[in-house]
2 protein chains.
Amino acid sequence: MKLSTKSTYGLRAMLAIAMKDKNTATSINDISGAEGISVAYLEQLLNRLRRHGLVESVRGPKGGYILSRRPSEITVADIVKTLEGNIYPVHCVSPKNGPLSACSRGASCVPKIVWHKLARAISDCLESITLEDLCAEAIRIKRRKS
Amino acid sequence: MKLSTKSTYGLRAMLAIAMKDKNTATSINDISGAEGISVAYLEQLLNRLRRHGLVESVRGPKGGYILSRRPSEITVADIVKTLEGNIYPVHCVSPKNGPLSACSRGASCVPKIVWHKLARAISDCLESITLEDLCAEAIRIKRRKS
DNA sequence: ATAATAGTTGACAAAAATAGTCAGGTATGA
DNA sequence: TCATACCTGACTATTTTTGTCAACTATTAT
């Protein structure tokens, strides 16, 4: 029941990009320096986020990444789903297994009730938090310090 | 963000034990046959559940396992915590890291807000479901079939 | 007693996932 | 045309998962 570093690093990277002016791209090098994550690993993560349409890249000098939607339109669930592959705690409740999520144990599988509830709880939680929320919190913390 | 088979198998085993009369022990062999899980692996899981006080063992012929508390007093969270080690999606929000869960990133770590909320959502969900609930559901399903 | 049943324990091992690294490539602006 | 910075795929070490196996201990029926 662990999230991998992909999600935690990915969220930190996305937050770093979101905190900048909309027109200013954030380079991997900047993120690496600020967050202490290796450049090569960040490349992998941001590439994935770009292919899933969460960020856009700007090449050349002064290049980097910008959000492809407004911070209020990007949820933590979007980021986690992209980087972990999916968000489901047990594969039998993944939508891939049909709309009624039938696994090999059939419809009378009682434990599946639990995993469905859990999947819903996780989904609801992560979908309720946007990058805008986190930016606001970051600004609040910064202000409190000064 | 995956639960291991330890949790899914473990819950099925616990449910099998809970479905039997309180005074009748359920052997690993029975569970293995009914659930299609290997005897050797079940031994590992039930041992852990016993050491954490969720089941008691009865040795010798007609032996097996019984619940050490009433089904209404055992939650899915108990089982998952025992078998996965803990229930926290990110180690930085584990209580081991102090009451305020300080990680190396300190108190001003904004992403931590997310992981705390997630940990709470998961915990609340799994703590709200008891073995009694699942037994009731199993009986309901069985009745519907006949 | 003793044989059969059934839990106890620790060590071992294959397979998969994680957490990166690395080399070489492409696009862009000064 | 050079420096910056993204792009891509392949590769690898480590850790976790998912078990297996062998030998042992306790209990009951005969």
Next item on the list: Would you tell me if any nitrogen or oxygen in the side chain of B:Arg50 comes within less than 4.0 Å of OP1 or OP2 on C:dA6?
Entry: no
Notebook entry, point to check: Counting just side-chain N and O atoms, does B:Tyr65 come under 4.0 Å of either OP1 or OP2 of C:dT8?
Noted result: yes
Note to self: Angle between the two end axes of the helix from C:dA1-D:dT30 to C:dA30-D:dT1, five base pairs per end, rounded to 10 degrees?
What the structure shows: 10°
Margin query: As an exercise, state the distance from CG of A:Leu54 to OG of A:Ser68, rounded to the nearest 0.5 Å.
Written below: 6.0 Å
Notebook entry, point to check: Are more than 12 heavy atoms from other residues, nucleotides or ligands located less than 6.0 Å from atom CZ of B:Arg69?
Noted result: yes
Check: What is the nucleic acid contact for B:Arg48, judged by heavy atoms within less than 4.0 Å: base, sugar-phosphate only, or nothing?
Finding: nothing
Contacts under 3.5 Å, N or O only, protein and nucleotides 15-17 of chain D:
none

Notebook entry, point to check: Got a sec, which pairs hit salt bridge (Lys or Arg N to Asp or Glu O under 4.0 Å) with one end in residues 120-131 of chain A, sequence neighbours left out?
Noted result: A:Lys81-A:Glu127
Item checked: Over all atoms of both residues, closest heavy-atom pair of B:Ser128 and B:Asp133 -> O-OD2, 3.7 Å
Check: Side-chain N or O of A:Ser57 less than 4.0 angstrom from OP1 or OP2 on D:dC7?
Finding: yes
Checklist line | Atom of B:Asp78, atom of B:Glu73 and distance for their closest heavy-atom approach | finding: OD2-O, 4.0 Å
Margin query: Please confirm whether the shortest side-chain N or O distance from B:Arg51 to OP1 or OP2 of C:dT8 is below 4.0 Å.
Written below: no
Notebook entry, point to check: Which heavy atom of B:Ile66 sits nearest a heavy atom of B:Thr24, and at what distance?
Noted result: CG2-O, 4.0 Å
Checklist line | Taking every non-hydrogen atom, the tightest pair across A:Ala18 and A:Leu67 | finding: CB-CD1, 3.8 Å
Check: If you group Ile, Leu, Val, Met, Phe, Trp and Tyr by side-chain heavy-atom gaps below 4.5 Å, do A:Ile113 and B:Ile74 land in one group?
Finding: yes
Next item on the list: Looking only at non-hydrogen atoms, find the nearest pair between B:Val110 and A:Leu134 and report the distance.
Entry: CG1-O, 3.6 Å
Contacts under 3.5 Å, N or O only, protein and nucleotides 26-30 of chain D:
{"unit_1": "D:dA26", "atom_1": "O4'", "unit_2": "B:Arg59", "atom_2": "NE", "d": "3.2"}
{"unit_1": "D:dA26", "atom_1": "O4'", "unit_2": "B:Arg59", "atom_2": "NH2", "d": "3.4"}

Check: Could A:Glu35 and B:Arg105 be called an ion pair, given the rule that one side-chain N must be under 4.0 Å from one carboxylate O?
Finding: yes
Note to self: Under 4.0 Å, counting only non-hydrogen atoms across every strand here, what does B:Ile28 touch: a base, just sugar-phosphate, or nothing?
What the structure shows: sugar-phosphate
Checklist line | Distance test, side-chain N/O of B:Asn29 to OP1/OP2 of C:dA6, below 4.0 Å | finding: no
Might you list the N or O atoms of the protein lying below 3.5 Å from N or O atoms in nucleotides 22-24 of chain C, with each pair's distance?
none

Checklist line | Sequence-distant partners of A:Arg48, salt bridge (charged side-chain N to carboxylate O under 4.0 Å, His left out), two or more places apart | finding: none
Check: Rounded to whole angstrom units, what separation is found between the CG atom of B:Leu49 and the C1' atom of C:dG7?
Finding: 14 Å
